[in-house]
Amino acid sequence: RDTIILTEPTLIVAGADTHADTIQVAVISMTGAAIGDREFPTTRTGYAAAITFLTSSGQVERIGVEGTASYGAGFTRALAAAGIEVVEVTRAVKSTRRLKGKSDPLDAYSAARTALAGDGLATPKDDAIAGLRALQIARRSAVKHRTAVINQLKAMLVSAPDAVREKDRGLTTLKLIEAVARCRTDALTDPWAQAVLVAAKMLAQRVQFLETQAETLESQIDAWVTEANPGLRAAYGVGADTAAQLFITAGANPHRLRSEAAFAALRGVAP
């Protein structure tokens, strides 16, 4: 009778160098020896092929991925769904790249060896935080652009014709925007004055549009953080924007922060 010998699968560690259109995946042994690397497209089919490449090379202990919250976000989700442990690694420092060269395979192997060493690793942020971050980015952009447009409007009115400038003199910023946004541009006969008033009206209406966007986004942010952690939102002095930033900083993964001192340093409030 033939004897069947069962062997355990080889343990491997992998690394991924991510880009907008491609990912480079490299596999090494537990002793750091290179096993192989391949390039895949950043599509669902490409992610599936990359995972097949990994699992066919051995039992994946972990994989280090560069840019888990940017170019590597889709691959990170696919790996997590396949039950493969993902750790976030930082890009190689410039001095190392100058010594060893720069290429996608080299960067992928570097990510794999960093994951094997276990130094400077981080847990990828919770996927739900990406939605909150998107809302916050859009809101802050709207608020910043609104301020810029208000400044443009006020600067334009300083040198505007008297027929335009004197009409709204002394109004608060809010009243000024409301008055200019609803003014009648055909009430002026002077082409120069009419052109300035048309431009000012467009700017004022843009301010109102951006204000509406900012308020809508803030409402969605408030609803998100209130549902996620009602106690945090109810704390004195913690508004929707502050609560959102706390979530984004911690990434809904408290184990990313090993101590209160680390959290304080990350928030910029350490002495």
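This is a predicted model, so every value here is computed, not measured.
Linking Ile, Leu, Val, Met, Phe, Trp and Tyr residues whenever their side-chain heavy atoms come within less than 4.5 Å leaves I177 and M202 in two separate clusters. Cluster annotation: V87 is not connected to L116 through the hydrophobic network of ILVMFWY side chains, with a link wherever side-chain heavy atoms come within less than 4.5 Å. In the hydrophobic clustering of ILVMFWY residues, with side-chain heavy atoms under 4.5 Å counting as a link, I137 and L132 come out apart. By the criterion of side-chain heavy atoms lying less than 4.5 angstrom apart, applied directly or through intervening Ile, Leu, Val, Met, Phe, Trp or Tyr residues, L171 is grouped together with V149 in one hydrophobic cluster. Under a hydrophobic-cluster definition in which Ile, Leu, Val, Met, Phe, Trp and Tyr are linked whenever side-chain heavy atoms come within less than 4.5 Å, directly or via other members, F247 and V238 are assigned to the same cluster.
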*Show your working on side-chain contact (heavy atoms from CB on, under 4.5 Å) between R146 and Q213 and close with a plain yes or no.*
CA-CA 10 Å; R146 173 183 175 273; Q213 280 200 337; over 6 Å; no
*Checking side-chain contact (heavy atoms from CB on, under 4.5 Å) for the pair F75/F40: CA distance, chi angles, key distance, verdict?*
CA-CA 10 Å; F75 189 40; F40 302 91; over 6 Å; no
*Before giving the answer on side-chain contact (heavy atoms from CB on, under 4.5 Å), spell out for V13 and M30 the whole-Å C-alpha distance, their side-chain angles and the decisive distance to 0.1 Å.*
CA-CA 7 Å; V13 175; M30 297 302 291; 3.6 Å; yes
*Given V225 and L232, is the side-chain contact (heavy atoms from CB on, under 4.5 Å) satisfied, shown in steps?*
CA-CA 8 Å; V225 297; L232 176 64; over 6 Å; no
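With hydrogens and angles disregarded, a donor-acceptor distance shorter than 3.5 Å links the side chain of T52 to the backbone of A48. For the pair Q205 (side chain) and A181 (backbone), a donor-acceptor distance under 3.5 Å is present.
Side-chain atoms of Q24 and D37 include a donor-acceptor pair closer than 3.5 Å. Counted by atom type alone, H19 and D21 present zero donor-acceptor pairs between their side chains at under 3.5 Å.
In this structure, CG on L217 lies 10.5 Å from OG1 on T212, to the nearest 0.5 angstrom. Taking CD1 of I221 as the reference point, atom CG of L135 lies at 5.5 Å (rounded to 0.5 Å). For the atom pair CZ (R77) and OG1 (T68), the distance works out to 10.5 Å, reported to the nearest 0.5 Å. Atom CD in E66 sits 6.5 Å away from atom OG1 in T18 (nearest 0.5 Å). Atom-to-atom distance recorded for L203:CG and Q208:CD is 11.5 Å, nearest 0.5 angstrom. With rounding to the nearest 0.5 Å, the separation of CD1 in I12 from OG in S57 is 5.0 Å.
Minimum heavy-atom separation, A115 to G64: CB-N, 3.7 Å. For the residue pair V89 and A111, the shortest heavy atom distance occurs at CG2-CB, 3.7 Å. Summarising the geometry of S159 relative to W192, their closest heavy-atom pair is O-CZ2, 4.1 Å, with the distance given to 0.1 Å. The minimum heavy-atom distance between V25 and A50, with the atom names listed, is CG2-CB, 4.2 Å. Heavy-atom minimum distance, G239 versus R233: CA-NH1, 3.8 Å. Closest approach of Q136 to A244, counting heavy atoms only: NE2-CB, 4.1 Å.
Applying the side-chain hydrogen bond (donor to acceptor under 3.5 Å, both in side chains) rule to S29 yields the partners T31; only residues at least two apart in sequence or on another chain are considered. With sequence neighbours excluded, no residue forms a side-chain hydrogen bond (donor to acceptor under 3.5 Å, both in side chains) with R44.
Side chains of Y71 and V65 form no contact here, defined as non-hydrogen atoms less than 4.5 Å apart. Between L246 and N229, the closest side-chain pair of non-hydrogen atoms is not below 4.5 Å. At least one side-chain heavy atom of T42 sits less than 4.5 Å from a side-chain heavy atom of Y47. The side-chain heavy atoms of R140 and D241, taken from C-beta on, include a pair separated by under 4.5 Å.
The residue from T173, I150, T147 that alone fulfils the side-chain contact (heavy atoms from CB on, under 4.5 Å) condition with V207 is I150.
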